[in-house]
Amino acid sequence: MPDPAATNSPGSPEAQTDFIRDRIRADLAAGKVRQIQTRFPPEPNGYLHIGHAKAITLSFAVAEEFGGKCNLRMDDTNPEKEAQEYVDAIQEDVRWLGFEWDQMVYASDYFGQLFAWAEQLIEKGLAYVEDQNAEQMAKGRGTVRTPGTNSPFRDRSVAENLDLFRRMKAGEFGDGEKVLRAKIDMAHSNLNLRDPAMYRVRNLHHQRTGDEWCIYPMYDWAHGQSDSIEGVTHSLCTLEFEHHRPLYDWFCESLGIHHPQQIEFARLNVEYMLTSKRKLLRLVEEKHVDGWDDPRMPTIRGLRRRGVPAEALVAFCKHVGVAKVNGTHELSLLEYFTRDWLNSRTWRRMAVIDPIQLIIENWPKNDDGTPHVEWKDVKNNPQDEDAGTRAVPITGKLWIDRDDFMEEPPKKFFRLGPDREVRLRFGYAVKCVSYDKDDDGRITTVRCTYDPESKNGKTSDGRKIKGVIHWVSQEHALEADTHLFEPLFAEADPASFDGDEFASILRPDSRRIVKAMCEPSLKDAKGGDAFQFERVGYFYCDPKTSEQGSPVFHRTVTLKDTWKKQQGK
Ligand code: ATP
Ligand code: MG
């Protein structure tokens, strides 16, 4: 589906304008607002995912662009599923993305004010206490085609409502026995305005307010009022709240309080990724992944452990921009921004992920008969002179990648095959003279001779050599666990699957762990370091499982878009 927001090709300057920024400019020009205030309001009931990264980027970037401020607000009105663990993780993830909030606030900070405002609505005859149970209320609500019916409790007196509401707060009723409802219009064409619930009785302990409250505000009641208290000017949220905006407006107008402008934008969807905390929780609970920070998870911490730089994720979110229509972005777009950022910044290293041995038969020996070792001084990053160099040893016994040899290569295979010659990266030209196979017919060893005069791109007789392959000296190789990833799901749109189907579309090979043969300087890799393994991809040294001298690498992304090729696209 074409994405209406993606007007630029990757890498072109970001779109400077969209309907949200236009609206803000207009409000500033008209003098409706002076200082822009936004907020990011997650519910602390799970870890943030890539969709939240977009909402965060938008709210923080908009505030920054207009010289305003952005709050981080925990929408902690539903203690059943919320926990401090999530509150901490959310803060960490927002900071990791590179954003700093103005105020850290909690909807629960406003419980007292919300209660007082609810009393005001009762006094104005705009709210009442309902005795019907959930089922009766749902029935009375009507449908899109049929109007609802008034509750038998709708016309209670103000005094009775106030008394009952205070008794709800005092803990006199059990869960579900009483509900405070706004008194709007049971025949309204928008079902959200058919006397929506404002408070329900929930005898639950709250992670912050403890046992102080046994009634908790509904989202629609808590959200807009929290925005109002904080002086939010533009409350940016996803499209599913569009039909809630009239209620948002009704509450602010009825109370006569500061009235923020709610503006909706499309949710971010990315191919092969789920962006629902509930479904991600299922993946974790059913142990399809190792946890919320599994590098295959579309959570912010999963992407982080995969090695996606925060800057790349933010650049991606800015590039996709805001749209008014839901759409799905290609995974390759995120990969593009990831490569783009890593390319100019990462140190180059050589590592062989599917090794076969290459023996150079005419490699010299030292006078004492030991194999000769030649150390090469090699740049860490050819694009960055300041990145320095490292020493790479070459010997007569190397590891090369299985893919770099073919028994019967086609003409345009510029790597090794019988009688073919190739250049070793930073090294000499080698020519295949024979090869060995194991009992299963798999290549184990390629035997070559080398041209001692083929240093620095030359050859002894000026012949040209097209291909260059990477290699690692066997004697010096560091063996490192290396994780190679594919998307978790076999289907591009996993969100459309549910129930049992959901597990059946998981790819069995979404993670493959191999022993890579790495050049010795990688012994010094520290958790959090990123590298380009030449010709193989970008790799991230996992802070969680790596130990000193024994790194574990996660492949963040391949060098080219091989995934698409595999799919035959
Ligand atoms: P989930 O369905 O994963 O639980 P949510 O919307 O319930 O998501 P919240 O914690 O309430 O999660 O979300 C905080 C903010 O992030 C909201 O303003 C919401 O609109 C926004 N958000 C959530 N998912 C996405 C997404 N896929 N794309 C853009 N914004 C999102
Ligand atoms: Mg939500």
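Atoms within a ligand are numbered from 1 in the order they appear, just like the ligands themselves.
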- request: Just let me know how R278 lines up against ligand 1, side chain, backbone, both or neither, with a heavy-atom cut-off below 4.0 Å.
  value: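 Contact part for R278 vs ligand 1: neither.
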- request: From the options P42, P298, A53, select the one whose nearest heavy atom is closest to atom 14 (C) of ligand 1.
  value: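 Among P42, P298, A53, the closest heavy atom to atom 14 (C) of ligand 1 belongs to P42.
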H52, R73, E264, K277: member with heavy atom nearest to atom 13 (O) of ligand 1: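 Nearest heavy atom to atom 13 (O) of ligand 1 lies in H52.
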Contacting atoms of ligand 1, where contact means under 4.0 angstrom from a heavy atom of [X]:
{"X": "A55", "answer": "16 (O), 21 (C), 30 (N)"}
{"X": "H49", "answer": "3 (O), 24 (N)"}
{"X": "F40", "answer": "14 (C), 15 (C), 16 (O)"}
{"X": "S276", "answer": "3 (O)"}

Show me the side-chain donor-acceptor pairs of residues 113-123 shorter than 3.5 Å, one per line, residues at least two apart or across chains.
residue, atom, partner, partner atom, Å
E119, OE2, R166, NE, 2.7
E119, OE2, R166, NH2, 3.3

Could you tell me whether the side chains of [X] and [Y] share a donor-acceptor contact shorter than 3.5 Å?
{"X": "T17", "Y": "R25", "answer": "yes"}
{"X": "Y128", "Y": "D195", "answer": "yes"}
{"X": "Y47", "Y": "E85", "answer": "yes"}

query: Where does the angle between the aromatic ring planes of Y86 and W292 fall among parallel (under 30°), tilted (30 to 60°) and perpendicular (over 60°)?
result: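 Perpendicular: the ring planes of Y86 and W292 meet at over 60°.
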Please indicate whether any nitrogen or oxygen in [X] is less than 3.5 Å from any nitrogen or oxygen in ligand 1.
{"X": "T238", "result": "yes"}
{"X": "F241", "result": "no"}
{"X": "G51", "result": "yes"}
{"X": "R267", "result": "yes"}
{"X": "E43", "result": "yes"}

field: Sub-6.0 Å ring centroid separation between F241 and Y248
entry: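 Aromatic pair excluded; centres sit 6.0 Å or further apart.
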message: Run D27 and H234 through side-chain hydrogen bond (donor to acceptor under 3.5 Å, both in side chains) and show every step you take.
response: CA-CA 10 Å; D27 288 349; H234 298 86; 2.8 Å; yes
- prompt: Which is it for F489 and F497 under the ring-ring contact (aromatic ring centres under 6.0 Å, His included) test, yes or no, and what are the steps along the way?
  reply: CA-CA 11 Å; F489 295 99; F497 292 78; 8.5 Å; no
